Amino acid sequence: MDTPMGQPAVAAPQEVRVNFTTSSPDLQLPEDSSSLIVVPTDLKRYGLSRILNSSSMLNTSSPIPFDFLINGEFLRTSLQEYLETHGKNAEETLTVQYVRSLIPPVHQASF
Amino acid sequence: STHLEPELQLRDYEESMRRWANFQSKTHALSLSLTSQLRLILTPSQSTKLSGSYRTGKRLNIKRIIPYIASSYKRDKIWMRRAIPTKRSYQILLCVDDSKSMGESSSGELALESLVMVSRALTMLEVGEIGVLGFGTNVFTAHEFSEPFASHDAGAKVLQRFAFQQDYTNIRFLVRQTIERFRLARQQSTSRGSEDLWQLALILSDGLTPSSEHEDIQVLLREAMEERIMIVFIIMDDMTQKKEQSVLKLKKVKFLSNDEIKTEYYLDTFPFQYYLVVHNLEDLPGALAGLLRTWFAEVNT
Ligand SMILES: [Mg+2]
């Protein structure tokens with residue numbers, strides 16, 4: 001709760017604006033889907049991957065695992081931890097570059 | 001100030017003075033336009049209500065009919081007329097977003113220009129008291145209701161308070177503070193008892209607030225409405241630098257219960273009923289006047 005007159009109770013920022021970019025021509029977001037999106041800050045690599053694969057984004061038939069780079073650095077933590085360790089906060093838009101994950105793909109049955 | 005507020009680093013006074021003068025001359029024509037539009041809306045010359053008891057008039061006063069017959073048609077003041085409107089006075093609070101996101105785009109600059117333009121228009125109208133709040137992590141007073149607002153000095157002192165460095169945008173807290181300050185201001189109001197006091201807050205912000213707070217904000221907005229406090233949200237959406245970053249295009253991730261992920265437009269869950277999206281300063285006078293006209297039409301019916 002807020003104090004009645006003075007300071008608000010400080011709530012941890014729970015969302016951040018992310019601007020998704022990629023340098024792979026085959027992985028571009030469709031024209032009508034926005035690259036600028038508000039996401040929860042507790043997300044890590046897996047959660048961000050799921051968003052990109054979802055029907056309103058890349059709409060992939062089978063999920064592509066992604067890795068993410070912010071300022072040229074691979075994201076290994078949650079977005080919240082990234083913000084904290086880099087002295088940033090949720091007021092700033094994060095430009096997040098996505099690339100196909102280098103982790104070997106899981107076996108997929110052939111059709 | 002009676003509020004506990006943190007000491008903020010003030011910007012240079014001389015520089016703020018120059019900026020105020022600069023904004024003022026840049027927005028002068030728009031201020032005049034807004035003044036003439038608002039004059040029609042804020043100071044009505046005709047009352048919409050019929051009342052009183054007269055020998056002739058517009059509509060019968062039903063309550064007078066039985067006494068009229070009982071008095072053998074002697075008490076014949078049975079008609080109502082349009083009453084002379086009660087003089088309205090206003091307390092208007094301009095709330096400017098001082099958070100970092102405002103500085104990241106040029107929305108901060110647009111907000112300050114809008115602040116100068118709107119406050120000048122209201123000052124020229126002389127409809128009542130004007131206050132200015134800043135908000136981000138917390139809320140601070142940049143100009144008290146009781147102080148006059150007609151000088152460059154007052155304006156420069158307001159501009160000194162804004163640096164767009166606050167690390168959080170707490171709009172829920174702003175709305176709560178707005179209600180509390182209006183309650184206090186109503187008690188301290190210098191307007192006569194016969195005058196009709198209206199309280200209006202205009203929030204100038206990029207509109208970005210955690211969506212987890214949207215429901216709480218809606219609850220507070222209902223509270224404000226019950227106390228006849230009107231809150232208008234003016235979304236500053238400057239796109240001159242980044243066209244693809246418009247708040248109109250901004251989406252939000254939604255996790256559905258069946259583990260599916262959807263996106264929806266951020267503004268679809270925006271809690272403010274009365275809001276405008278302003279891309280250019282030139283759009284503001286017409287859009288604001290239109291919105292206030294709609295609101296007054298709704299409360300008068
Ligand atoms: Mg902000």
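Note on naming: letters A, B, ... go to the chains in the order of the sequence lines (proteins, then strands), and numbering restarts at 1 for each one. Only a predicted model underlies this, so the values are computations on that prediction, with no experimental measurement involved.
Of all the heavy atoms in A:Asn89 and B:Asp167, the pair that sits closest is ND2-OD1, 2.8 Å. Scanning all heavy atoms of the two residues, the minimum distance from A:Ile51 to B:Ile261 falls at N-CD1, 3.8 Å.
Of the residues listed (B:Met102, B:Lys100, B:Gln165), the one engaging A:Glu91 in a side-chain contact (heavy atoms from CB on, under 4.5 Å) is B:Lys100, and it is the only one.
Few gaps surround CD on B:Glu264; more than 12 heavy atoms of other groups in view lie less than 6.0 Å from it.
In this structure, NZ on B:Lys252 lies 11.0 Å from CD1 on A:Ile37, to the nearest 0.5 angstrom. Atom CD of A:Glu15 and atom OH of B:Tyr266 lie 7.0 Å apart (nearest 0.5 Å).
In this structure, no portion of B:Asp216 lies under 4.5 Å from any heavy atom of chain A. Only the side chain of B:Leu208 comes within contact range of chain A, with heavy atoms under 4.5 Å apart. At a 4.5 Å heavy-atom cutoff, A:Leu83 makes no contact with chain B through either its backbone or its side chain.
No side-chain donor-acceptor contact under 3.5 Å links A:Gln14 to the backbone of B:Ser212. Side chain of A:Ser56 to backbone of B:Thr263: a donor-acceptor contact under 3.5 angstrom is found.
Using a 4.5 Å heavy-atom threshold, the side chains of A:Arg50 and B:Asp259 count as touching.
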